[in-house]
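Following: one structure in structure tokens, then a few remarks.
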Amino acid sequence: MTATDKPNYEDDLLEDIQEYEYQEMFEKANNIVLGFVASTAATGAVPIPFADAPLLVGQQVAMMVAINNVFTFNIERDALASLVTAVIGVGGATVIGKTVVSNLLKLIPGVGTGAGCVISAGTAGVITLALGKAYIEVCKAVKMGKLDQNDLTKKAGLDMLKKSFKEQMEKSKK
């Protein structure tokens, strides 16, 4: 057996450690998303019509900041807020329609308010889940070297996030 035939245990060990660290990051990031899904659903259930939108965007940006901390990325809040608004706009007519209908229902005292709160809470939760999962996918791409961290808030990162968000929204319909 020559030196080139010998298994390189150190390289294997380093790969195993790196894979374990990545899996831990992904798990922490997913737990963050689930926590924010619950909080945005609660915000969406607020019975005051149209009052939840700015709060939801703020919570979603905070979620992305928390995910960045897990992945050790340093991205400005303003850049993340721009990503959130650009990506959610891609969600299309269904999301916007549900948001408008649920907020209009909140204007009707009693049953309308209750139904509007339920629809709004569900919509907020689904959007946050899709956004969080999509953002984790983009962060994975950065960690795996498929996307440069500097491109995360540029066209390449935005395009990847939009595509992943659409895919996540499709999954939520099933």
- Task: Could you walk me through whether Val142 and Asp148 pass the side chain to side chain contact (heavy atoms under 4.5 Å, CB included) test, one step at a time?
- Result: CA-CA 6 Å; Val142 171; Asp148 187 79; over 6 Å; no

- Message: Within the structure provided, determine whether Lys143 and Thr72 are in side-chain contact (heavy-atom separation under 4.5 Å).
- Response: yes

- Message: For a 4.5 angstrom cut-off between non-hydrogen side-chain atoms, does Ile67 reach Ile136?
- Response: yes

- Query: Any donor-acceptor pair under 3.5 Å linking the side chain of Thr85 with the backbone of Ala81?
  - Reply: yes

- Query: Which pair of non-hydrogen atoms, one from Met25 and one from Phe71, has the smallest distance, and what is that distance?
  - Reply: SD-CD2, 3.8 Å

- Message: Are Ile75 and Met64 packed together at the side-chain level, in the sense that at least one heavy-atom pair is separated by less than 4.5 angstrom?
- Response: no

- Query: Taking all atoms of both residues into account, what is the closest heavy-atom pair of Gln60 and Thr128, and its distance?
  - Reply: NE2-OG1, 3.0 Å

- Student check: side-chain heavy atoms of Asn31 and Glu27 closer than 4.5 Å: yes

- Task: Of all the heavy-atom pairs spanning Ala130 and Met169, show the shortest one and how long it is.
- Result: CB-SD, 3.5 Å

- Message: Whether the side chain of Lys133 engages the backbone of Gln168 through a donor-acceptor N/O pair (distance < 3.5 Å, no angle test) should be reported.
- Response: no

- Query: Considering residues, nucleotides and ligands other than Glu167, do more than 12 of their heavy atoms fall under 6.0 Å from its CD?
  - Reply: yes

- Message: A side-chain contact here means heavy atoms from C-beta on lying under 4.5 Å apart; do Leu152 and Met160 qualify?
- Response: no

- Side-chain heavy atoms of Leu131 within contact of Val87, under 4.5 Å: yes

- Would you please test Leu158 and Leu83 for side chain to side chain contact (heavy atoms under 4.5 Å, CB included) and show each step? CA-CA 7 Å; Leu158 179 60; Leu83 278 177; 3.6 Å; yes

- Cation-pi geometry met for Lys140 and Phe26 (6.0 Å, 45°): yes

- Item | Closest approach of Gly58 to Arg77 (non-hydrogen atoms, all atoms of both residues) | O-NH2, 4.5 Å

- Message: Let me confirm one number: the SG-CE distance from Cys139 to Met144, rounded to the nearest 0.5 Å.
- Response: 11.5 Å

- Query: Is the backbone of Val37 close enough, under 3.5 Å, to the side chain of Thr40 for a donor and an acceptor to pair up by distance?
  - Reply: yes

- Message: I'd like to know if the side chain of Tyr135 reaches the main chain of Asn68, judged simply by a donor and an acceptor atom lying under 3.5 Å from each other, with no hydrogens or angles considered.
- Response: no

- Message: Atom NZ of residue position Lys163 - does it have more than 12 heavy atoms of other residues, nucleotides or ligands inside 6.0 Å?
- Response: no

- Item | side chain to side chain contact (heavy atoms under 4.5 Å, CB included) between Glu76 and Thr153, intermediate numbers included | CA-CA 9 Å; Glu76 297 293 320; Thr153 57; over 6 Å; no

- Would you say Thr43's side chain and Ser39's backbone share a donor-acceptor pair under 3.5 angstrom? yes

- Would you call Glu24 and Lys28 a salt bridge, using N to O less than 4.0 angstrom? yes

- Query: Which heavy atom in Ser164 sits nearest to a heavy atom in Ala134, and how many Å separate them?
  - Reply: OG-CA, 3.3 Å

